[in-house]
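Positions are given from 1 along the sequence. Fair warning: this is a prediction, and the values are worked out from it, not measured in the lab.
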Amino acid sequence: MEVLSSYTPCTTLPRASQKSKGCDANHKCSAIINISRKRPELQRAPLDLSWDNSKQAMEFFRPQYVVGFHRRVPMPRDVIVRSEAAEAGSTDASYFMTDLQLVSKVRGVCFYTTTAFVAIFLFMVMLVAHPFVLLFDRYRRKVHHLVAKAWASLTVLPFFKVEFEGLENLVASDTPAVYVSNHQSFLDIYSLLILGRSFKFISKTQIFIFPIIGWAMYMMGTIPLKRMDSRSQLDCLRRCMDLVRKGASVFFFPEGTRSKDGKLGTFKKGAFSVAAKTGVPVVPITLVGTGKLMPPGMEGTLNSGSVKIVIHKPIEGNNPDELCERAKTAIASALLTSS
């Protein structure tokens, strides 16, 4: 829509340029509005505006088109409000949910129903075993991780298949290590728990207040972190090094957050500093497919598909920068191959 001139300002119309045409002695003004490019044969007749000083009222006369410069026809009201912005949408462009989206929504509801149902019963098992875990296995907490593996397996396997590659590259369960992986989806945690390794995740402090899940994470020894708090970050790294020195393993997502487009982001070096200072190996892991099943920002849906977990050979060294670069190269190579 294009407005060449108008007597009254109209800031809501797109691309409107207003030029005053002036007024005569009788306070009568006229404006010419050219509305549609698609109908050049229709030209807008002058819009008569009159001002009655006594009644202080503006009188509008319905604008008309001049067709062929000879006869006048009333201007259709739907043309008055038409604009290029309005033409971009149509009644057919309404956002109706497709069959595929509906199926994904239903699968998402079933997924969370299943995970909640299973978590309630297994949490009771974890709660009963917790005193014995603190007495005999305070740092690794293998029993809790075994329960978590059962929870993840019972939740995931009915909805999608998980494939493993390079299981022989996993270090012994009693050997402490720093595990690192790309981060694509909320499903990453479920997929990694199926590995059955007793590594400690790092999670936001807000997650711990969630009933059942948050409490289970606390009993498993998950490490809390306040993302924007530098002191919390230092405390987290110190706690990780302390756990590794006492025989436990830790798990990091070096990107720090989930990737929205599936591409590998910049790696932070905290995980590799822990490995370099404690002398334990770094085990890179590539997660493929989780971002397609449940994309970031769409946690209420679950698409169909499968997940592939690739375990790379352990990396050792005392230089955090070198460890970071080698781990990122290994993870990126598997992502490139899968794509």
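Ring geometry, His144 versus His130: the interplanar angle falls under 30°, so the pair is classed parallel (tilted spans 30 to 60°). Taking the six-membered ring for Trp and thresholds of 30 and 60 degrees, Phe272 and Phe267 have nearly parallel ring planes, at less than 30 degrees apart.
Looking only at distances, a side-chain donor or acceptor of Glu255 sits under 3.5 Å from a matching main-chain atom of Gly265. A distance-only check finds a donor-acceptor pair linking the side chain of Arg107 to the backbone of Phe159 [under 3.5 Å]. Between the Thr278 side chain and the Val274 main chain, a donor and an acceptor come within less than 3.5 Å of each other. The backbone N or O of Ser198 lies less than 3.5 Å from no partner atom in the side chain of Arg141, so there is not a single donor-acceptor pair.
Atom CZ of Arg138 is surrounded by 12 or fewer heavy atoms from other residues, nucleotides or ligands within 6.0 Å. For CE of Met298, the number of neighbouring non-hydrogen atoms (other residues, nucleotides, ligands) closer than 6.0 Å is 12 at most. Within a 6.0 Å radius of CZ in Phe117, no more than 12 heavy atoms belonging to other residues, nucleotides or ligands are found. In the displayed structure, Lys292 atom NZ is contacted under 6.0 Å by at most 12 heavy atoms of other residues, nucleotides or ligands.
A salt bridge links Glu299 and Arg258; the closest N-O separation between the charged side-chain nitrogens and carboxylate oxygens is under 4.0 Å. Using a cutoff of 4.0 Å between basic side-chain nitrogens and carboxylate oxygens, Arg239 and Asp242 are not scored as salt-bridged.
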### Derivation of the side-chain contact (heavy atoms from CB on, under 4.5 Å) call for Phe253 and Asn182
CA-CA 6 Å; Phe253 291 113; Asn182 60 313; over 6 Å; no
### Message
side-chain contact (heavy atoms from CB on, under 4.5 Å), that's the test. Do Val180 and Phe252 meet it? Break it down for me.
### Response
CA-CA 5 Å; Val180 295; Phe252 286 83; 4.2 Å; yes
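The distance from the CG atom of Leu146 to the CG atom of Leu122 is 10.0 Å, given to the nearest 0.5 Å. Taking OG1 from Thr222 and CD1 from Ile202, the interatomic distance works out to 10.0 Å, rounded to the nearest 0.5 Å. Taken to the nearest 0.5 Å, the CD atom of Gln184 stands 10.0 Å off from the CG atom of Leu293. To the nearest 0.5 Å, atom CZ of residue Phe210 and atom OG of residue Ser203 are 9.0 Å apart. Put simply, OH on Tyr112 and OG1 on Thr114 are 12.0 Å apart, with the number rounded to the nearest 0.5 Å. To the nearest 0.5 Å, the span separating CZ on Arg238 from CG on Leu243 amounts to 14.0 Å.
Not counting sequence neighbours, the partners of Tyr190 by the side chain to side chain donor-acceptor pair (under 3.5 Å) test are Thr115. Applying the side chain to side chain donor-acceptor pair (under 3.5 Å) test to Asp188 and every residue at least two apart in sequence or in another chain returns His183, Thr290.
Tested against Thr286, the residues Glu165, His312, Lys308 include a single side chain to side chain donor-acceptor pair (under 3.5 Å) partner, His312.
Ring centroids of Tyr218 and Phe208 are separated by 6.0 Å or more, keeping the two rings apart.
The heavy-atom pair separating Pro224 from Cys236 by the smallest distance is O-CB, 4.4 Å.
Side chains of Ser259 and Asp261: a donor on one and an acceptor on the other come within 3.5 Å.
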